[in-house]
Amino acid sequence: MKLTVAKTAGFCYGVKRAVEMAQDCAGQGNRCVMLGSIIHNQAVIDQLQSLGIGLAETIEEIEPGMWVILRSHGEGPEIYEALERQGAHIVDTTCPHVARIHTLVRQAQEEGRRVIIVGAPDHHEVQAIAGWCRQPLIFEDGQALQRYFLEYPEAREIPFIMVSQTTCTQAVWNFCVENAKKLCTNLKIFDTICNATCARQSEAQHLAAQSDAVVVIGGRNSANTKRLFELCGELCPDTVWVERAEELTPAYFRGRACVAITAGASTPAWIIKEVYDKMSEEMMEIEESFAELLEKSIKTLHTGEKVTGVVTGITPTEIYVDLGTKHAGYIPVDELTDDPTVKVEDMAKVGQEIEVFVVRVNDAEGVVSLSKKRLDSVKSWDDIEAACEDHTVVEGVVTEENKGGVVINIKGVRVFVPASQTGIPRDQPMTELLKQKVKLRITEVNRARRRVVGSIRAVAAAERAEKAAEVWNNIEEGKHYHGVVKSLTSYGAFVDIGGVDGMVHISELSWSRIKHPSEVVNPGDEVDVYVISFDPEKKKISLGMKDHSQDPWANFTETYKVDDVAEVRIVKLMTFGAFAEVVPGVDGLIHISQIADHRIDKPGDVLAEGDKVQVKITEIDYDRKKVSLSIRALLDEAQRTSEEGEEDMVVASADGETTEIAEELSGDEE
């Protein structure tokens, strides 16, 4: 009998965290008490109590000053408030995934949205979530959701948010989402099923489909263990649910060639090992009869079978394999792998168990020709088909480009990705993808035609949507982001802040007056921005780039005062004058009457945008933050200075002539 333990069986992250936090609290010598069982497994609760941790069912049983351990399924806000009033120290083991749901429903209530919870109404996790919002609707499945909206059609117009219990099955959730989208006109959806739960359920179903029997381990009050039992039972009728190893009997194993073991999220590793060890011991005790051994020795092999054997010898041309039958098996070296760079000794070692594909059976000579690479190819196709059905993400290397798209190698299988699904814009070559490892989803598989189609773009879109959801969940005014400029318009720049584009208006790009965003940024630039405002309903975000901690007006007033002369740049011409930048962020007005020392029809007769000119600051309105400038004042001063110089010269000249005449008269008299 083959015994397989699911890789995902046992403690999930949230349960493991809760147990470790409880153990740490007890290890520090605190007076600890659990408010209800922190996880759904009595054996673990008994173990924690043996460490001195008490168990209280109500707050009234808790004494002031005690350390109270809250369960991993979470509690409502009233529990926290009551414990704080009582002076208790709170050890909050709420699973982070559950805590995120509390935040989502609390924010939804603040936004005026009503909450829909998909899950078991009597489950403590669901009850705790309901405590963080008012009048939530709780539906165990899609049929219950349908019935409600058919009975109350007026509710369809209400703004809703829909979340799920973390242990809900994906099938139930998908059915609820599909119906809710049809029935609600204003709905936000958050898939809050725990990834660990999905992985555990998926692996359990996969094992159940391939096994003769399944053992599901977990507490009777564990919701996720119950779901595992139900899912496995649908695919394997011989499925049993146990809490401990002693519940298993030897009769259960007889006649079964393959048995799988899985366990709920609240089942510790030591209980899983306990069950595994007992089953292994029982298997050892079931001896094969001589007839069974004889039948095994003369077992007939068939072409196309998958068999497992042990490597018994390696030569430069062949690998010998013991299949446990009367046949001698061998793998030609060229049937080991398609990769010429791989050495035989790296793929096969004497004593190693190896799974192979039966190519040809020669009963007359008692030999079987085997192939490893053909089995790998079959497995790869199985994996590809599974990835297509489960919508999982796979990785591969881009090996070639053709007219219609690119080809990706995934475990030896050629996958075609059309150009429209590469994520590369039409005007850009796809050669940049060559030899790159990429992620993609399989969208079509036709094994008969050996045709596989995939999409890189779908993964990128999903990752962007996930990042966008993260941004919208945590965005707030004033929050800073490091982003990338995506595109420019005449009125601003669009910046990607991690899956979401926000717009920086041209007025928020720089303190200086600019005509186009390209004067400050270009597509592809990395920039630091902050949130000015956002609208989750319209999916709009307004961003800023200029540093508001630097006040341009304060800089101006510290540098200049009335009657100072400054060099300014003309930034805009109007019919009544020209605006000039004195310092970045502060413009002054040169009235048309102050542009020249003579009458002009319009400012453009003398000035042009971009000109740098000398002006005199004639007035500063500190209250209204306005500045008046004048070119004419400087021209007038220059004119007055020139006229005063000419008058001085005339006086000097007149004085000289008088002196000469007087000297001449004096000479005549003599």
Side-chain angles (χ1 to χ4, degrees), residues 4 6-8 170-171 174 195 198-211 231 234-236 258 260 303-308 331 334-342 347 354-359 370-424 430 433-463 465-466:
T4 305
K7 295 178 182 178
T8 54
Q170 197 67 49
N174 291 342
N195 291 334
C198 291
R200 180 180 289 103
Q201 292 175 353
S202 177
E203 186 184 17
Q205 289 176 300
H206 180 71
L207 289 174
Q210 297 180 336
S211 303
L231 292 171
E234 292 173 0
L235 297 169
C236 180
C258 183
T303 300
E305 275 190 292
K306 289 188 291 185
V307 294
T308 301
I331 309 171
D334 59 358
E335 287 295 325
L336 195 62
T337 177
D338 276 330
D339 190 345
T341 64
V342 177
M347 293 196 64
I354 188 169
E355 192 174 15
V356 289
F357 181 88
V358 177
V359 177
L370 308 170
S371 174
K372 178 75 168 58
K373 71 177 183 181
R374 297 192 196 185
L375 179 62
D376 291 342
S377 176
V378 171
K379 284 186 174 181
S380 295
W381 276 95
D382 290 342
D383 293 341
I384 291 290
E385 287 183 336
C388 183
E389 292 174 2
D390 299 336
H391 305 289
T392 54
V393 176
V394 295
E395 286 188 349
V397 176
V398 179
T399 57
E400 61 182 274
E401 175 195 5
N402 55 41
K403 187 175 181 180
V406 296
V407 175
I408 298 173
N409 185 299
I410 301 178
K411 298 180 181 179
V413 178
R414 286 168 54 90
V415 180
F416 175 70
V417 176
S420 62
Q421 296 301 312
T422 60
I424 302 295
M430 293 178 288
L433 290 176
L434 287 176
K435 298 183 180 180
Q436 297 295 317
K437 180 178 281 189
V438 295
K439 294 180 180 179
L440 66 155
R441 288 189 191 276
I442 304 301
T443 57
E444 179 188 338
V445 178
N446 188 326
R447 190 181 287 208
R449 297 178 59 191
R450 303 188 69 79
R451 170 182 168 84
V452 184
V453 180
S455 172
I456 300 172
R457 179 181 169 185
V459 176
E463 290 177 347
E466 184 176 348

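The distance from the CG atom of Leu433 to the CD1 atom of Ile424 is 4.5 Å, given to the nearest 0.5 Å. For the atom pair Ile384 CD1 and Thr392 OG1, the distance stands at 9.0 Å (nearest 0.5 Å). Atoms OG1 and CZ, on Thr443 and Arg457 in that order, are 12.5 Å from each other to the nearest 0.5 Å. The CG atom of Asp383 sits 10.5 Å away from atom CD1 of Ile410, with the distance rounded to the nearest 0.5 Å. With values rounded to the nearest 0.5 angstrom, Thr422 atom OG1 is found 11.5 Å from Leu440 atom CG.
The nearest pair of heavy atoms linking Ala387 to Ile442 is CB-CG1, 4.3 Å. Across Arg451 and Val453, no two heavy atoms sit closer than the pair NH2-CG2, 3.5 Å. Counting all heavy atoms, side chain and backbone alike, Ser371 lies closest to Ile331 at CA-CG2, 4.4 Å. The nearest pair of heavy atoms linking Arg374 to Val359 is NH1-CG1, 3.7 Å. A pairwise comparison of heavy atoms in Leu231 and Gln205 identifies CD2-NE2, 3.6 Å as the closest pair. For the pair Ala260 and Ser211, the tightest heavy-atom approach, listed with the atom from each and the gap, is CB-OG, 3.5 Å.
A 6.0 Å sphere centred on CZ of Arg447 holds more than 12 heavy atoms belonging to other residues, nucleotides or ligands. Around atom CD of Glu355, more than 12 heavy atoms belonging to other residues, nucleotides or ligands sit under 6.0 Å away.
A donor-acceptor pair is defined here as one N or O able to donate and one able to accept, closer than 3.5 Å; no such pair exists between the side chain of Ser455 and the backbone of Arg441. Using a distance-only test at 3.5 Å, with no hydrogens or angles considered, no donor-acceptor pair links the side chain of Ser202 to the main chain of Cys198.
One finds a salt bridge joining Glu400 and Arg414 here, because a Lys/Arg side-chain nitrogen approaches an Asp/Glu carboxylate oxygen to under 4.0 Å.
Exactly one residue among Gln201, Glu203, Arg200 makes a side chain to side chain donor-acceptor pair (under 3.5 Å) with Thr8. That residue is Glu203.
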| field | CA sep, side-chain torsions, deciding dist, call: Leu434, Glu401, side-chain contact (heavy atoms from CB on, under 4.5 Å) | value | CA-CA 7 Å; Leu434 287 176; Glu401 175 195 5; 4.3 Å; yes

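In this structure, the side chains of Val415 and Val394 stay at 4.5 Å or more apart for every pair of heavy atoms. In this structure, Val358 and Leu370 have side chains that are in contact, with non-hydrogen atoms separated by less than 4.5 Å.
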